[in-house]
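The structure appears below as structure tokens.
Just so you know, these numbers use all the heavy atoms, side chains as well, and skip hydrogens, waters and symmetry mates.
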Amino acid sequence: MAKTLTFNELREIKNSLPEGSVHEIAEKLNLEVQTVRNYFGGTDYDAGGAMGIHIEPGPNGGFVTLEDTTILDMALEILARK
């Protein structure tokens with residue numbers, strides 16, 4: 001199910017993750033680490049793929065629609081353990 005939030009909210013989630021969390025998510029989902037970084041707003045598509053995010057201009061960095069929330073859900077689970 002798709003989810004919409006601001007780009008700044010998405011970056012805040014990524015920046016709040018404990019060190020190594022992006023690697024943990026990538027390993028569990030069998031993805032390149034850069035693909036997970038791209039999900040959180042990175043743009044290095046040579047080193048990792050795109051993960052179905054769409055960014056529209058707007059306040060707070062714009063609006064981000066995530067087609068698949070699996071990575072977001074895992075990140076929120078990690079933050080809940082913190």
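Nearest heavy atom pair, residue Ala75 against residue Leu17, reads O-CD2, 3.5 Å. What you find for Gly61 and Phe7 is that their closest heavy atoms are O-CB, 3.3 Å. In terms of heavy atoms, Leu10 sits closest to Tyr39 at CD2-O, 3.4 Å.
The OG atom of Ser21 sits 7.5 Å away from the CZ atom of Arg81 when rounded to the nearest 0.5 Å. The distance from atom CG of Asn38 to atom CD1 of Ile71, rounded to the nearest 0.5 Å, is 9.5 Å. Rounded to the nearest 0.5 Å, atoms CG (Asp73) and NZ (Lys3) are 8.5 Å apart. A distance of 10.5 Å separates CZ of Arg37 from OG1 of Thr35, quoted to the nearest 0.5 Å. Atom CD of Glu9 is separated from atom CG of Leu72 by 10.5 Å, given to the nearest 0.5 angstrom.
When side chains are defined from C-beta on, Ile25 does not count as touching Thr70, because their heavy atoms never get closer than 4.5 Å. Counting only heavy atoms from C-beta outward, the side chains of Val36 and Leu29 never approach each other to under 4.5 Å. Contact of the Val64 side chain with the Thr6 side chain is not registered, since no non-hydrogen atoms from C-beta on lie closer than 4.5 Å. Side-chain contact check for Glu56 versus Thr65: every heavy-atom pair is 4.5 Å or farther apart. With contacts defined as side-chain heavy-atom distances shorter than 4.5 Å, the pair Phe63/Ile55 does not qualify.
Residues passing the side chain to side chain donor-acceptor pair (under 3.5 Å) test with Asn8, sequence neighbours excluded: none. Partners of His54 by side chain to side chain donor-acceptor pair (under 3.5 Å), not counting sequence neighbours, listed by chain and number: Glu67.
Of the possible polar contacts, one joining the Ser16 side chain to the Glu12 backbone as a donor-acceptor pair under 3.5 Å is found. In terms of modelled atom types and a separation under 3.5 Å, the side chain of Glu27 and the main chain of Glu24 share no donor-acceptor contact.
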Show the numbers, then the answer: is there a side chain to side chain contact (heavy atoms under 4.5 Å, CB included) between Leu66 and Thr4? CA-CA 6 Å; Leu66 304 169; Thr4 301; over 6 Å; no

